[in-house]
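Input: a single structure, listed below in structure tokens.
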Number of protein chains: 2
Amino acid sequence: MRLAELSRTTGVPPATIKWYLREGLIRKGEATARNQAQYDESHVRRLRLIRALVDIGGLTTQEARDILAVVDDPNASIDQVVGAAHGALARVPDSDADPTTLAQVDHFLASRGWTVSTGSPARAELAGIVRAMTQLTPGDDHSDQALVAGLAPYANAIDQLAAAEVEELPHDVPRDVLVEQVVLGTVLAERLIGSLRRLAQESAFLARYVTPSDINR
Amino acid sequence: MRLAELSRTTGVPPATIKWYLREGLIRKGEATARNQAQYDESHVRRLRLIRALVDIGGLTTQEARDILAVVDDPNASIDQVVGAAHGALARVPDSDADPTTLAQVDHFLASRGWTVSTGSPARAELAGIVRAMTQLTPGDDHSDQALVAGLAPYANAIDQLAAAEVEELPHDVPRDVLVEQVVLGTVLAERLIGSLRRLAQESAFLARYVTPSDINR
DNA sequence: TCCTTACGGAGAGTAACACTATCCACTCGC
DNA sequence: GCGAGTGGATAGTGTTACTCTCCGTAAGGA
């Protein structure tokens, strides 16, 4: 398979594939001459993975490259792969989180029995979200208890989900397939959950207010 | 309050506030002279809302502006506000979704009893996600039943969540406060769920593989 | 009153990102 | 033998979200 065919089967323009090659997101094809190279199914798969990460997951190509580097490293452990994916998904606030909010978040995590490293991007992100929500939500009960109670519905749903997800992880599968599935399960499933939630919301709103106004973009 | 103070209390640079004014994301302050204007708490609040939508929600300023226009329109209904937020959150694929996947998605929605409009951005987004996952997941059972089964854990968790969220919506509150809460509940909660899920995942992985490797970005 | 500082408004400039277009020497396939 | 196509490199483009600079004016202290 040459570049043009690779482009045709994946729908990615040739110029973009060349650029991905330069950026190191995909491996070079096997050279058959000075200006000819052969690509195979692994390139097709990799290209699809990149597009999924970028188009659906919303990652930058830099972030995708960083994750793929870990995926490709045969010595990287599963939690390193997960860590790379988590790092790319978190929107960590620029400024240091305010310590009060961070303490509240830690209190919440402890109440859930969730143990995470202090450097966890998701922890910093959550602190930023909680801070913004606190500032923008009327009502003045900003106690640790109020936070734990407010997040309870979300945390309950997630606890339930996490159990189901862990069970689904295949275990009799080669490492490269597994890590790819882990990345997909981390990055794509986050968007999946979002769209499902919006679908459920839309349905609930349509049911509540009988007028079915066409909700278009 | 003048521009500099508005900048100081919100942490948004003066030049950026000026730009938001030009772009129509915030209303002008009340002019007290040719080159003096007064801003108030509503401007502070609006600025915080914009930053939350953009920094946390990941919306573009265009999308934030579109949502805010609906929020500000006193004749807009709640589902129009929700629709605007959903439109901004969905990553709808450029090309038309392939009809087979769309049919599968509709079958899944029907199996859940979720009724949504055919123009729903979330429906198109879900089709794109399902398509990408199907292409990238080993195993060849791409039947409608397999999809319903595969999405079941997610849909179950979300059904549980949606019920709790609807209950939490305040109802004895002025319209402008309510619509703002709906926007926050739609946009910020999506990121909230993501970060909670990653936290739960990280905790689960730390627990499973005893070695607590520091997961940094 | 003068004078320094700050103000708002407008336009141009900038940095990052993700491509996209052009050019080139080469080579495959008819 | 020759034209379309190939891989590789470099430069250019469009978008986004600011950021800088300038200007005439105004506020507030000396």
Side-chain angles (χ1 to χ4, degrees), chain A residues 1-40 43 46-68 88 91-95, chain B residues 1-40 43 46-68 88 91-95:
Chain A
M1 191 189 302
R2 287 173 305 180
L3 198 142
E5 195 185 341
L6 182 60
S7 165
R8 247 174 283 121
T9 59
T10 57
V12 181
T16 304
I17 298 179
K18 289 183 180 184
W19 180 66
Y20 287 166
L21 281 163
R22 260 175 278 142
E23 293 287 302
L25 278 96
I26 46 184
R27 271 163 291 135
K28 287 192 203 175
E30 200 171 339
T32 60
R34 195 178 300 277
N35 66 339
Q36 301 284 286
Q38 282 294 317
Y39 302 94
D40 58 25
H43 291 92
R46 172 54 62 99
L47 227 27
R48 285 210 240 267
L49 181 57
I50 292 166
R51 297 313 285 219
L53 257 28
V54 170
D55 293 344
I56 298 173
L59 306 189
T60 64
T61 49
Q62 295 287 317
E63 290 165 338
R65 197 190 50 188
D66 293 348
I67 291 178
L68 292 172
R91 269 167 192 275
V92 180
D94 299 342
S95 56
Chain B
M1 190 189 301
R2 285 174 305 180
L3 198 144
E5 195 185 342
L6 182 60
S7 165
R8 245 174 284 119
T9 60
T10 57
V12 181
T16 304
I17 297 179
K18 289 181 182 185
W19 179 66
Y20 285 166
L21 281 163
R22 261 177 275 149
E23 291 289 301
L25 278 95
I26 46 183
R27 271 162 292 135
K28 287 191 202 176
E30 201 171 340
T32 59
R34 195 177 299 277
N35 66 340
Q36 300 285 288
Q38 282 295 315
Y39 301 94
D40 59 26
H43 290 92
R46 172 54 63 100
L47 227 27
R48 284 209 240 266
L49 182 57
I50 293 167
R51 297 311 286 219
L53 258 28
V54 170
D55 292 344
I56 299 172
L59 306 190
T60 64
T61 49
Q62 296 288 317
E63 290 165 338
R65 197 190 50 189
D66 293 347
I67 291 177
L68 291 173
R91 266 167 194 277
V92 179
D94 299 343
S95 57

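Note that the structure is predicted; figures quoted are calculated from it, not measured.
Each of B:P13 and A:A4 lies near DNA chain D, and the nucleotide nearest A:A4 is the one positioned closer to the 5' end.
Interatomic distance, CD1 of B:I56 versus CZ of A:R91, reported as 9.5 Å (0.5 Å rounding). Taken from CD in A:Q62 to CD1 in A:I67, the straight-line distance is 12.0 Å, to the nearest 0.5 Å. For the atom pair CE (A:M1) and CZ (A:R8), the distance works out to 10.0 Å, reported to the nearest 0.5 Å. Interatomic distance, CZ of A:R46 versus CG of A:L68, reported as 4.5 Å (0.5 Å rounding). Taken from CZ in B:R65 to CD1 in B:I50, the straight-line distance is 11.0 Å, to the nearest 0.5 Å. A distance of 6.5 Å separates CZ of A:R48 from OG1 of A:T9, quoted to the nearest 0.5 Å.
Put simply, chain B comes within 4.0 Å of DNA chain C, heavy atom to any atom, from C:dC7 to C:dG11, going 5' to 3'. Taking every nucleotide of DNA chain D with any atom under 4.0 Å from a non-hydrogen atom of chain A, the first and last of them, 5' to 3', are D:dG5 to D:dT10.
The shortest non-hydrogen separation linking A:H43 to A:R27 is NE2-O, 3.1 Å. Across every non-hydrogen atom of B:S7 and B:V12, the tightest pair is OG-O, 2.7 Å.
Of the residues in residues 15-26 of chain B, B:K18, B:R22 come within less than 4.0 Å of DNA chain C through at least one heavy atom, sorted by number. For residues 29-36 of chain B, proximity to DNA chain C is found at B:N35, B:Q36, defined as any non-hydrogen atom under 4.0 angstrom from a strand atom. DNA chain C lies under 4.0 Å from at least one heavy atom of each of the following residues of residues 53-62 of chain A: A:T60, A:T61.
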Donor-acceptor pairs under 3.5 angstrom involving side-chain atoms of residues 13-26 of chain A: please list them, not counting sequence neighbours.
residue: A:Y20; atom: OH; partner: A:R51; partner atom: NH1; Å: 3.1

